[in-house]
There are 2 protein chains.
Amino acid sequence: MTRVRVLLADDEHLIRGALAALLGLEDDLEVVAEAASGPEALAMARAHRPDVAVLDLEMPGADGVTVATKLRAELPSCRTMIVTSHGRPGHLKRALSAGVRGFVPKTVSARRLAEIIRSVHAGNRYVDPELAADAISAGDSPLTVREAEVLGFATDGAPVAEIAERAALSQGTVRNYLSSAAAKLGAENRHTAVRLARERGWV
Amino acid sequence: MTRVRVLLADDEHLIRGALAALLGLEDDLEVVAEAASGPEALAMARAHRPDVAVLDLEMPGADGVTVATKLRAELPSCRTMIVTSHGRPGHLKRALSAGVRGFVPKTVSARRLAEIIRSVHAGNRYVDPELAADAISAGDSPLTVREAEVLGFATDGAPVAEIAERAALSQGTVRNYLSSAAAKLGAENRHTAVRLARERGWV
DNA sequence: CGCCGCACATGACAAATGTCAGGAGCGGAA
DNA sequence: TTCCGCTCCTGACATTTGTCATGTGCGGCG
């Protein structure tokens, strides 16, 4: 019997180590590599060519979805899945379009995770039902491409002038986009608009 | 030999379960209870009277520090420690003044955590060196009580009128506090000021 | 007691922001 | 081809902020 070769990437040593130990107890799984950052995950994947890569969404260097995208190009035979602590709807959509085959919150048990890894390895997809429901109820972004882009530059209360410069648009245009985006989101001002859009993964 | 009785509280089942398994391997530690939320942690502590409570900082219901405060009152013999993913300096200060004896990031290994649990149980304190350095370099809050209070109401881009109402102050006064607070924090506007203050745990 | 810092306020001005109207180019769908 | 929506712009206006000057009352401290 040949075991499923797993790559584990998570910056929290506590979790990664514990998880590696628990998954290793399953006799059909084998943790062949561990990584604590996005770039390291890529390097380990190249070196060990795992069957399944289990990636944390939040990692220093490059987030899980970014790593998954690159892996898909470099190692098409390697299935990828994402685990995350507090999953926002938009991340799920982004992950799926990056070719990720599994998306689970960290609230599942290790045993359950092992099952999902097997299932993903067998070619199936798995998305946590609750996250899926969130994603569906959040619906599609009502924002146009430019509105979303401008909102993205409007983080941490940057002044309009700065946003305009970064987006290479005139200040008036930026104001218009910000205004219409806020209207679509039902927000009073751009700051709450940014927050809402982020929560729903629309930026 | 009597083993150290440990309570584990973390809303992420993946971590809690894995951790429980790994800590259980240490022959002088015994995980006697697990909880997935703040209130549940309190209830389990009352029922099982552990020697050491290992609490996640971010939990639904009540955060780790809140739980620690209540535990200190109800079960003085129970030592408390906090584990956290991304620790902000202010949390550390808050935790220490709540009587927490250990403060560690989730980037440590399970073995290391076990050592720290033992040390805390023996009556020592332990604070992660890196977090401690952050806390020290962040220094004390330069904000007056009112400035901090007003900043606290200024979350998610609320308009000044709303802040004034919530703080029962005049709008002019609110603007003044916001302005002076932003100046002290070196921020351009109140939104970045709020973010900075939050990062440093000054709100 | 007199000084100083803090809490709280007012009023006024400048700058940033939100809102509205309107106009030009451009690509896709009817 | 005509129409419509998206992108981008300009200009003007009302509102919201940030900033400053200035004043009062209070409590602590030398």
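So you know, we letter chains A, B, ... as the sequences are listed, proteins then strands, and number each from 1.
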Does this structure show an ion pair linking [X] with [Y], if we count only N-O contacts that are shorter than 4.0 Å?
X       : Y       : value
R118(A) : E115(A) : no
R3(A)   : E26(A)  : no
E149(B) : R146(B) : yes
E162(A) : R166(A) : yes

For P39(A) and P60(A), which heavy atoms make the closest approach, and how far apart are they?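 Of all heavy-atom pairs spanning P39(A) and P60(A), the closest is CD-O, 3.9 Å.
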
Distance-minimising heavy-atom pair for T107(B) and H13(A):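 Shortest heavy-atom contact: O-CB, 2.8 Å.
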
Expected rows: protein N/O vs nucleotides 24-30 of chain C N/O, under 3.5 Å:
none

Near DNA chain C, under 4.0 Å by heavy atom, which residues of residues 142-162 of chain A?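 The answer is P159(A), V160(A).
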
Near DNA chain D, under 4.0 Å by heavy atom, which residues of residues 167-182 of chain A?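 Residues of residues 167-182 of chain A under 4.0 Å from DNA chain D: L169(A), S170(A), G172(A), T173(A), N176(A), Y177(A).
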
Distance alone, cut at 3.5 Å: any donor-acceptor contact between the side chains of D63(B) and T66(B)?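 Side-chain D/A pair, D63(B) to T66(B): present.
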
Do R125(A) and L96(A) come within less than 4.5 Å of each other through their side chains, counting heavy atoms only?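 A side-chain contact exists here, since the closest heavy-atom pair is under 4.5 Å.
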
Quick check for you: to the nearest 0.5 Å, what is the distance between L8(B) atom CG and I15(B) atom CD1?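 Spacing of CG (L8(B)) from CD1 (I15(B)) equals 11.0 Å.
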
Atom pair OG1 (T84(A)) and CG (L55(A)), whose distance is rounded to the nearest 0.5 Å: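 Going from OG1 on T84(A) over to CG on L55(A), the span is 11.5 Å.
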
